[in-house]
Amino acid sequence: MCGIVAYVGGRTAYSILVKGLQRLEYRGYDSAGVALFNGGVNVYKCQGKVKDLQALVRGKEIAGSVGMGHTRWATHGAPSDANAHPHRSMNGKFYVVHNGIIENYTHLRKELVNRGYTFQSETDTEVLVNLIENIYLEQKVDAELAVRLALTKVVGAYGLVIICESEPGKLIAARKGSPLVVGVGEREYFLASDATPIVEYTDRVMYLNDEEVAVVTADSFDLKNLHNDVKTPEITRIKLNINNIDKGGYEHFMLKEIHEQASSVTDTFRGRIAMDESKIFLGGILDVTPKLMSAKRIIIIACGTSWHAALVGEYLFEEYVRIPVEVEYASEFRYRNPIVDKDDLVLAISQSGETADTLAAVRMVKNSGATILGICNVAGSSLSRETHAGVYTHAGIEIGVASTKAFTSQITVLAMMAFLLGYKRQTLPAADYKELIHGLTRIPQQITDMLADEENIKKIAAACKDSTQALYLGRGILFPVALEGALKLKEISYIHAEGYPAAEMKHGPIALVDETMPVCVLALSDKLYEKTVSNIQEVKARQGKVIAVATKGNKDIRRLADHVIEVPECHEALSPLLTIVPLQLLSYYIAVLRGCNVDQPRNLAKSVTVE
Ligand code: G6P
């Protein structure tokens, strides 16, 4: 996946593109490039980050009020100057930036080679730009038709912006499977993979749908589908606060986002919990209430951190709604032959709402008759548009590649859904329903209190920073938290870490435990506390270094553990919302001490829009 930004209007395109690319760097950051139209087309591109591109461009010609930029996350071909976008067609007629994958590129490339084409890069995108040019030159059609004809031959996913050298002042954009947002200004248009490069110029946006092609000039916007039918896009207004896009005084976006969790969890339940804490109201799923009332099974599909939130959801739904729940990796689900029927509730969870596997899984079950719900953070994303109903997490934009506040907001939504549904289906008594709601409203203050103990976490991080591996253990609803804690550590510090159900440790991972191994144990004073203490003893007996995450006030655990992180007392059902916060911080400080790039870890990208 990659980030695309493009501009046509009266301003200097370059500065808009560079700023936009910096905002989109979370989508990919192994190479960057721009193409600027100013009579001819100037292309600057290089391996590296946007700042490397800026260094390359310094002192060069940057005039032009039409242009497009790209930040890359390599799929076809390693990160290199040649593989960076924009790609130019062999005869220089077309320039393209592309997010997605052209799956049949080998076949198309062979055809083009037979027609005399040669290639400068290993990318699928260069095949596409040459295909467009070849059709344009051979069939003597205009650029728009050449693009449409080329796209009918393409199998795969694309968000594209194209410049044709002989049609000045014009951008052509197309989308299938990869997002593309259009910002509408006064005699100017912006195109981007998400709205962050656009919001400081306009709040009026349009979303391209699959297989739509737009022709954009400063004064016009024409939209058609691949079959030449005219489409009328709807303009919507977005609320995205520009202040949310900077680091707000923190050293990294990730640290800022960890700290934001008290307010992001509040934003998630704001307006959804009655003032007197007597009920929950989820407007986004109101229309499907009868389906929710009669559902026989819930299937939750997601990837990465969202999948861990789904596992927490499994505990919550089974406990309070008493419906069987299956949690599936979207990528596995879609390639099986899963059994889904009309009484099922399919719940897709995705921060970005653009994850290719999650979207594909949703599309796959569309004809099953099941009710499909989404939980997602990005308003107007593909997931929000392709599900029957859903609930936004309202966590605010998340820039750090390692997800933090999105996770706690997803759990907040899942908790609200489970409590509400349990209450309506009478599997959750009214008194317990109220107690849980009250517990949820206390979480933000408890997160704030916990964040005051950052010095302790820094000390533990210093003690663990040179470890080569780590183990995270939890039971019940805290097992997914152990998985998520381990994922955070791997993602940003490159220390190998595994999350395990505490009792399963003795069936394998215990073989790894020695005096160099930090073992982080989620040991809250809950019904399984004594059992978890036995697991801690097993680790200590092998000289492992125990970091216990324990309920505040538990003095006994200090005798056993090497380090203790205290968590305020809360309802067990809500404990993932608190216990994950110190684990996020621990990973963060370990990664910082190891000199890692916290916000942009190697090989990762925030939004995986390829399979
Ligand atoms: C990528 C990100 C993860 C994220 C996962 C799912 O792997 O690096 O942080 O959890 O995608 O993303 P989604 O947007 O669907 O939640």
Side-chain angles (χ1 to χ4, degrees), residues 1-3 24-30 73 75 99 177-179 193-194 196 253-254 257-258 264 300-313 327-334 347-363 373-387 390-414 480-481 483-494 499 580 583-584 587-588 591 596-611:
M1 56 261 118
C2 309
L24 292 174
E25 251 188 329
Y26 73 90
R27 300 178 67 87
Y29 34 82
D30 60 43
W73 184 81
T75 57
N99 170 30
S178 300
S193 301
D194 73 28
T196 54
F253 281 111
M254 183 180 179
E257 286 157 6
I258 292 171
S264 54
I300 316 184
I301 46 182
C303 304
T305 290
S306 299
W307 185 79
H308 294 156
L311 290 177
V312 173
V327 176
E328 304 268 4
Y329 283 115
S331 55
E332 286 298 309
F333 181 74
R334 59 180 289 206
L347 180 55
I349 308 179
S350 170
Q351 185 285 129
S352 60
E354 301 295 348
T355 299
D357 283 318
T358 308
L359 288 175
V362 162
R363 286 170 192 149
L373 304 182
I375 295 180
C376 112
N377 196 34
V378 179
S381 61
S382 301
L383 184 67
S384 69
R385 289 180 294 133
E386 294 193 29
T387 41
V391 182
Y392 281 123
T393 44
H394 294 317
I397 182 165
E398 192 181 64
I399 302 274
V401 166
S403 185
T404 52
K405 64 175 180 170
F407 180 68
T408 41
S409 283
Q410 287 165 344
I411 293 174
T412 304
V413 168
L414 287 161
V481 177
L483 291 176
E484 176 61 9
L487 178 67
K488 287 291 88 83
L489 189 68
K490 300 189 252 234
E491 282 179 317
I492 61 169
S493 75
Y494 317 137
I580 191 57
L583 301 193
Q584 295 165 342
S587 306
Y588 171 81
C596 300
N597 184 339
V598 175
D599 282 335
Q600 296 175 339
R602 70 183 182 207
N603 305 341
L604 296 181
K606 181 128 197 91
S607 176
V608 183
T609 57
V610 295
E611 289 181 23

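Order of appearance sets the numbers: ligands from 1, and atoms from 1 within every ligand. All values below were derived from every heavy atom in this structure, side-chain atoms included, with hydrogens, water molecules and symmetry-related copies excluded.
Of all heavy-atom pairs between Lys488 and Thr404, the closest is CD-CG2, 4.4 Å. Of all non-hydrogen atoms in Ala395 and Ser264, the two that sit nearest each other are O-CB, 3.7 Å. For the pair Tyr29 and Gln600, the tightest heavy-atom approach, listed with the atom from each and the gap, is OH-C, 3.1 Å.
Scanning the protein for heavy atoms near atom 11 (O) of ligand 1, the closest one is Lys606 O, 3.7 Å. When hydrogens are left out, the protein atom nearest atom 7 (O) of ligand 1 is Val608 CG2, 3.8 Å; that is the closest non-hydrogen contact. For atom 12 (O) of ligand 1, the closest non-hydrogen atom on the protein side is Thr355 OG1, 3.3 Å. In this structure, the protein non-hydrogen atom closest to atom 5 (C) of ligand 1 is Cys303 O, 4.0 Å. Nearest non-hydrogen protein atom to atom 14 (O) of ligand 1 is Ser352 OG, 2.6 Å.
In this structure, the side chains of Glu398 and Ser409 stay at 4.5 Å or more apart for every pair of heavy atoms. At a threshold of 4.5 Å between non-hydrogen side-chain atoms, the residues Val378 and Asp194 do not count as touching.
With a 4.0 Å heavy-atom cut-off, ligand 1 is reached by no atom of Ala402.
In the model, Glu354 has a side-chain atom that pairs as donor or acceptor with a side-chain atom of Ser382 under 3.5 Å. Gln351 and Ser306 are not linked by any side-chain donor-acceptor pair at a separation below 3.5 angstrom, with hydrogens and angles left out of the test.
Interface of Ser306 with ligand 1, defined as ligand atoms under 4.0 Å from a residue heavy atom, comprises 10 (O), 13 (P), 16 (O). Short contacts between ligand 1 and Gln351, defined as distances under 4.0 Å to a heavy atom of the residue, involve ligand atoms 13 (P), 14 (O), 15 (O), 16 (O). Remark: ligand 1 atoms within the under-4.0 Å shell around heavy atoms of Ser403 are 9 (O).
Between the side chain of Asp357 and the backbone N or O of Ala330, no donor-acceptor pair lies under 3.5 Å. Distance alone, capped at 3.5 Å, is enough to place a donor-acceptor pair between the Glu257 side chain and the Gly400 backbone.
Inclusion of Thr305 in the set of residues having an N or O under 3.5 Å from an N or O of ligand 1 is warranted. Note: an N/O pair closer than 3.5 Å links Ser350 and ligand 1 by distance alone. Distances between N or O atoms of Gly353 and those of ligand 1 include no value under 3.5 Å.
For the ligand labelled ligand 1, residue Ala605 lies inside the 4.0 Å heavy-atom shell. Heavy atoms of Val401 come nearer than 4.0 angstrom to ligand 1 in at least one pair.
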